[in-house]
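Reading through the structure tokens given below for one structure.
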2 protein chains.
Amino acid sequence: MRVSRAQAEENRQTVIDVASRLFREHGFDGIGLKDLMEAAGLTQGAFYKQFASKDDLAAQASERAFESGIRRWSAAAEANPKDPLGAVSALFLSMGHREETGDGCPVVALGADAARQGPDVKASFEAGIRKYLEMLGPWLGESDGEASTDKAMAILSTMVGATILSRAVNNKRLSKRFLQAAAKSVKELSADAAQKGQL
Amino acid sequence: MRVSRAQAEENRQTVIDVASRLFREHGFDGIGLKDLMEAAGLTQGAFYKQFASKDDLAAQASERAFESGIRRWSAAAEANPKDPLGAVSALFLSMGHREETGDGCPVVALGADAARQGPDVKASFEAGIRKYLEMLGPWLGESDGEASTDKAMAILSTMVGATILSRAVNNKRLSKRFLQAAAKSVKELSADAAQKGQL
DNA sequence: ATTATCTATAGATCTATAGATAATGC
DNA sequence: ATTATCTATAGATCTATAGATAATGC
């Protein structure tokens with residue numbers, strides 16, 4: 001039954017990957033260790049050789065979810081270097097992202113859950129959120145670093161909030177409108193920032 | 001053991017009130033019927049004479065939470081009739097609201113959870129969210145109704161997202177900055193709207 | 001000899017139901 | 001007679017641990 005050290009490490013990584021998806025789909029309290037481990041192709045008994053607790057896995061899975069998010073932002077930005085913010089905003093505020101609960105932004109799926117978790121999960125969120133802000137800042141063309149961070153925070157808040165609102169309602173038209181209104185607002189905020197930066 | 005019909009109805013209302021608070025504090029999956037009923041001064045056995053299921057209570061408790069939210073918005077707006085949006089924005093984006101998880105905005109506390117619930121909970125959310133938008137619209141002074149709704153959606157998104165981000169991180173400074181950045185952005189968005197309305 | 005995973009289980013908790021009890025409402 | 005609430009419990013599930021097993025790594 002024992003596997004090689006390399007295989008064990010690979011299994012551990014698989015558990016984190018699977019958890020990062022299933023936690024986002026069902027919430028931290030919406031899925032148990034048995035289902036998580038089985039989705040990773042293992043049994044529940046193997047869990048505690050790999051992780052200290054469910055909370056420990058939650059923190060690591062959150063970190064992994066942010067890594068995936070950052071990678072997607074980078075890819076979108078690189079594919080559209082003339083307007084990276086427009087590309088990320090279009091991706092974030094798409095109906096595709098609204099429906100893709102398992103591989104979408106961790107703040108949207110688990111931000112409110114994270115607020116109720118221990119300091120480890122919150123630390124993962126804080127680190128991931130800071131990375132998002134660091135990416136957004138340079139795209140805003142403000143000369144002043146502080147004003148740029150303020151704009152980045154407002155833009156991230158708008159995108160996160162709109163996607164949550166979009167997911168929380170039944171009506172598809174309303175759902176779509178939240179995303180469109182947010183995209184319009186993000187555009188105006190960034191145009192405003194670029195204008196100020198040129199003064 | 002039986003109580004009067006009036007008392008039974010009062011008990012039912014108490015359960016909904018208690019649930020609207022405890023669901024917001026712990027999430028729909030973070031608290032059980034036993035604890036909810038005991039917090040309302042009853043035993044678990046009485047639950048199913050009052051509600052069809054936990055999901056049924058979740059939908060009614062969500063509705064109740066929005067009623068409370070609307071009442072607070074109205075009170076803030078009436079206390080500051082010259083700048084109702086400024087008053088609501090200041091209240092929403094305060095550290096008090098950030099910490100007041102049990103009596104705060106239901107979208108912030110349970111929006112992501114609601115996305116994973118059945119159509120009844122989502123219907124409660126949709127109705128509550130539409131009420132919020134109806135309140136915000138007239139404060140924006142746009143001549144065009146559609147543009148006004150867009151702005152209202154963007155402002156609500158910004159406030160909801162910022163509060164979630166503010167709650168999800170450990171660092172208090174960062175927490176506060178999200179709220180401040182969002183307040184600044186809401187102010188600019190509404191000033192922008194007022195300007196356009198006067199053209 | 002060590003250890004990654006397995007099966008099995010402890011002990012708590014979850015939603016939901018059943019039947020008893022005691023007060024209301026006709 | 002009806003019924004709101006109670007106690008008790010079914011049956012499932014939860015996190016976490018214990019001990020067995022079988023392969024790795026020294």
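Just so it is clear, the structure is predicted and the values come from calculations on it, not from any experiment. To find a chain, count down the sequence lines: A is the first, B the second, and so on, and within it residues start at 1.
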Report task. Sugar-phosphate means primed atoms, P, OP1 and OP2; the rest is base. With that split, encode nucleotides 18-26 of chain C 5' to 3' as B, S or - using protein heavy atoms under 4.0 Å. Result -> ---BBBBSS
Requested in this report: Taking atom types as modelled, find out whether B:R167 and B:T163 have a side-chain donor-acceptor pair closer than 3.5 angstrom.
Outcome: no
Requested in this report: Apply side-chain hydrogen bond (donor to acceptor under 3.5 Å, both in side chains) to A:T158 and B:T158, showing your working.
Outcome: CA-CA 4 Å; A:T158 304; B:T158 304; 2.8 Å; yes
**Report entry** d(NZ, B:K34; P, D:dC6) in whole Å
**Finding:** 13 Å
Report summary line: Taken to the nearest whole Å, CG/A:L33 to C1'/D:dT15 is 6 Å
Query - Residue pairs, two or more places apart or on separate chains, that pass salt bridge (charged side-chain N to carboxylate O under 4.0 Å, His left out) and touch residues 170-182 of chain B - result: A:D150-B:R177, B:E99-B:K172
Query raised in the report: Taking the nucleotide of DNA chain C with the closest heavy atom to each, which residue, B:Y48 or A:Q50, is nearer the 5' end?
Result: A:Q50
**Report entry** Nucleotide opposite C:dA20 in a Watson-Crick or G-U pair, distances under 3.5 Å
**Finding:** D:dT5
Report task. Taking only the side-chain heavy atoms of B:K54 (C-beta and beyond), determine which of D:dT15, D:dA4, C:dT15 contains the nearest atom. Result -> C:dT15
Report task. Give the rounded distance in Å between these two atoms: CG of A:L57 and P of D:dC14. Result -> 14 Å
**Report entry** Between D:dT13 (P) and A:L36 (CG): distance, integer Å
**Finding:** 15 Å
Query raised in the report: Taking atom P of C:dT15 as reference, at what distance in whole Å does atom CG of B:D56 sit?
Result: 14 Å
Query raised in the report: In whole Å, what is the span from the CD atom of B:E9 to the P atom of D:dT5?
Result: 10 Å
Requested in this report: Take atom CG of A:D55 and atom C1' of D:dT15, then tell me their distance rounded to the nearest Å.
Outcome: 12 Å
Query raised in the report: Think B:T43 has a side-chain N or O under 4.0 angstrom from the OP1 or OP2 of D:dC6?
Result: yes
Query - Salt-bridge criterion met for A:D29 and A:R116 (N-O under 4.0 Å) - result: no
Query raised in the report: Can you list every pair that meets ring pair (Phe, Tyr, Trp, His ring centres under 6.0 Å) and has a residue in residues 162-184 of chain B, with sequence neighbours left out?
Result: none
Report summary line: Among the nucleotides C:dA4, D:dT5, D:dT17, whichever has the atom closest to the side chain of A:A8 is C:dA4
Query raised in the report: For B:M37 and D:dT7, what is the distance between atoms CE and C1' respectively, to the nearest whole Å?
Result: 14 Å
Query raised in the report: Any side-chain donor paired with an acceptor under 3.5 Å for A:R12 and A:Q7?
Result: no
Query raised in the report: Going by an N to O cut-off under 4.0 Å, is there a salt bridge joining A:E126 and A:R130?
Result: yes
Query - OP1 or OP2 of C:dT13 under 4.0 Å from side-chain N/O of B:Q44 - result: no
